[in-house]
Amino acid sequence: MTVATRIWAVHLAVLALLLAGGFLLPAYHQTNVAKVMVLATYAMGYNIAFGYTGLLSLGHALFFGAGLYGAGMLVQHAGVGAGPAALAGIVAGGLAAAVVGLLALRTQGVAFMIVTLMFAQAGYLTILYNTAWTRGDEGIVIAREARVLMGFDLSADLPRYFVGLGLFAAGLVLKLWLVRSPTGRVMVALRENEERSRMLGYDPYARKLAALVISGLYAGAAGAAYGLLFGYVGASLASTQYSILPLLWVLLGGAGTVLGPLVGALLMFYLIDYSSAFTTASLLVVGAALVLLVLFAPKGILGTLRDRWLKWLP
Amino acid sequence: MAAVTLLEARGLTRHFGGLKAVDGVDFDLAEGEIHALIGPNGAGKTTFVSLLCGRVPVQAGTIRFAGADITRLPAHKRVGRGIAYTFQITQIFANLTVFDNVALAVQRRGGPLDADTRAALERVGLADRADQIAGTLSYGHQRVLEIAMGLALKPRLLILDEPTQGLANAEIDTFKALVRQVVPETTVLLIEHNMDVVMDLAERITVLNFGEVLATGTPAAIRANPAVQAAYLGG
């Protein structure tokens, strides 16, 4: 088996498992995994910027929020259908990333973190204070009748699961193709040594902007899907917490691995889910897990597996 | 000499605060030559070639390359025009494989990625290490990889900043053979402290001192130049 076949086999097997989950999982877990798949799509986008290109952004909540509100407000105020609204959300995510990137990519490192954080905070406050459009703190609850895609009721368990899976699968295949392409190689080169990349003839600014926009498109798609699948468009989903979460998921699963975001998001989701059954301090459990991660597997779960055994893992 | 001028710098200037790193340098490179740039430490050699390849912006003066003004062209576009630069301090992608390091150069200019990358590695003798992580190579091999990346760009002008620094004698011989192979398709500009390498390889030498050109000429002429002897060669 060539390396390429093996890589595709592993990733398609994961998708097959998720597909089987749609038929086998009980309703409660079906909803959970649907949510995880949407959030993992968001994290895959974050990973393209952070894990592959080395852009540590703390402002991705803005791109996620752009998708969420871009789709949600169109449905709510303009009566647009779920399909076109989702497309608009994707575009909104990419556009937000382009605007932020044009300015923020003039900086590097810590300054880049701070500038992206500030943009996201400004976006969050904009959402919070424009109550006429966004309903501020309370958020928009999208009516069940508006959440219909090609005749499927997105508020029902099964269609919701498969739309989530469809989004995740598209994101996964696209990402796997991207990171194995020459473009992906340049992204990694920028992460590893920007000056050397520049002196090989690559424009760091343009390449990083492209990576950030792709990342924003993922975040926008996930945001739009989140709003339409779960019916809630709220400011808390565009808060700083939602910039930090994809970073944690990616770190947990393995930065710069294609499947890491799914592993990280799934693990963290269930860690909180199970621990909150017996304690109100579920975040303490998450904190302990992250400390263990930093101590014993600083490259994340899949990153460590790749270092030790699976050198071929993209 | 009737040779065609590939690169022409006029009045090139770069000051860092009060330090005149490069101060009004006129410089010509003939197509296909091996040209060495020498001078004492701090003479402005690295700054000068950094101006040529675009890593450091020019304050005054002009650079023409292959007939076009490139003074304000950003570094990555100069690579596209055919100027490749290898760093004084080894700058490879330490966490990537040897293959990926060279592939990044190959894919920039286009062409069959796999075949050209293998060929470039073959040429410098790193073919059997293609899958090794670059950072785990010996220092000498890392220097060679750096040169391989420059060559893989198939540049018209290859600028080598102290390429033999830290290399063993046998590796220096391999390096010299490599440089002789690439001319005249590629013009080579070489900063070098090892005088044996300079005298052996270079067809012309330019001596920089305090950011200015002290002399330019053949190795024999440079060796005989009293000003150069005083400033640098030390008799």
Side-chain angles (χ1 to χ4, degrees), chain A residues 2-4 6-7 47 50-54 105-106 108 177-211 254-257 260 298-300 302-314, chain B residues 49-50 52-56 73-97 99-114 116-117 131-135 142 145-146 148-155 158-161:
Chain A
T2 69
V3 174
R6 193 188 304 165
I7 287 169
N47 197 22
F50 168 64
Y52 288 91
T53 320
L105 284 172
R106 294 169 168 274
Q108 282 185 333
W177 170 79
L178 175 71
V179 302
R180 287 170 47 76
S181 73
T183 306
R185 188 183 277 126
V186 176
M187 282 163 33
V188 171
L190 282 168
R191 178 192 75 195
E192 292 293 320
N193 191 334
E194 183 170 328
E195 183 61 9
R196 172 77 265 188
S197 310
R198 188 160 75 101
M199 296 316 294
L200 283 177
Y202 300 105
D203 181 354
Y205 184 76
R207 295 283 181 154
K208 288 196 282 191
L209 185 61
T257 63
K299 289 187 173 174
L302 291 186
T304 304
L305 281 180
R306 173 163 67 188
D307 272 8
R308 296 266 170 85
W309 299 287
L310 310 171
K311 301 240 180 284
W312 47 271
L313 198 73
Chain B
V49 296
S50 296
L52 297 185
C53 68
R55 294 184 65 212
V56 173
L73 206 63
H76 64 270
K77 288 196 178 155
R78 294 191 201 190
V79 178
R81 298 275 178 99
I83 301 180
Y85 173 77
T86 71
F87 291 80
Q88 179 177 11
I89 298 157
T90 309
Q91 294 256 15
I92 53 171
F93 301 105
N95 293 322
L96 304 188
T97 61
F99 180 90
D100 276 343
N101 270 270
V102 176
L104 276 159
V106 171
Q107 71 182 47
R108 173 60 177 86
R109 66 167 166 81
L113 191 61
D114 204 66
D116 281 9
T117 304
D131 296 325
Q132 199 175 328
I133 298 295
Q142 291 191 16
L145 175 60
E146 172 109 33
M149 290 162 81
L151 287 177
L153 286 166
K154 297 220 167 119
L158 179 62
I159 301 174
L160 300 163
D161 197 346

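Computed from a prediction, not measured in an experiment: that's the story for all the values here. The sequence lines fix the lettering, A, B, ..., with proteins before strands; numbering per chain opens at 1.
- At a threshold of 4.5 Å between non-hydrogen side-chain atoms, the residues B:Val79 and A:Leu200 do not count as touching.
- Across all their heavy atoms, A:Arg198 and B:Gly54 have their closest contact at NH1-O, 3.9 Å.
- Remark: B:His76 NE2 to A:Arg207 CZ distance equals 9.5 Å, nearest 0.5 Å.
- Within residues 186-197 of chain A, the residues approaching chain B closer than 4.5 Å by heavy atoms are, in numerical order, A:Val186, A:Val188, A:Ala189, A:Glu192, A:Asn193, A:Glu195, A:Arg196, A:Ser197.
- In terms of heavy-atom pairs under 4.5 angstrom with chain A, the leader among B:Ile83, B:Asn95, B:Leu153 is B:Asn95.
- Neither the backbone nor the side chain of B:Ala84 comes within less than 4.5 Å of any heavy atom in chain A.
- Among residues at least two apart or in separate chains, salt bridge (Lys or Arg N to Asp or Glu O under 4.0 Å) pairs with a member in residues 99-112 of chain B are A:Arg185-B:Asp100, B:Arg109-B:Asp116.
- Closest heavy-atom contact between A:Pro182 and B:Gln107: O-NE2, 2.9 Å.
- At most 12 heavy atoms of other shown residues, nucleotides or ligands fall within 6.0 angstrom of atom CZ in A:Arg106.
- In A:Trp312, the CH2 atom is crowded: over 12 heavy atoms of neighbouring residues, nucleotides or ligands sit closer than 6.0 Å.
- Chain A forms the most heavy-atom pairs under 4.5 Å with one residue out of B:Arg81, B:Lys77, B:Glu146, B:Arg78, and that residue is B:Glu146.
- A search for ring pair (Phe, Tyr, Trp, His ring centres under 6.0 Å) contacts involving A:Tyr202 returns nothing, not counting sequence neighbours.
- Under the side-chain contact (heavy atoms from CB on, under 4.5 Å) criterion, B:Ala148 pairs with B:Val102, B:Val124, not counting sequence neighbours.
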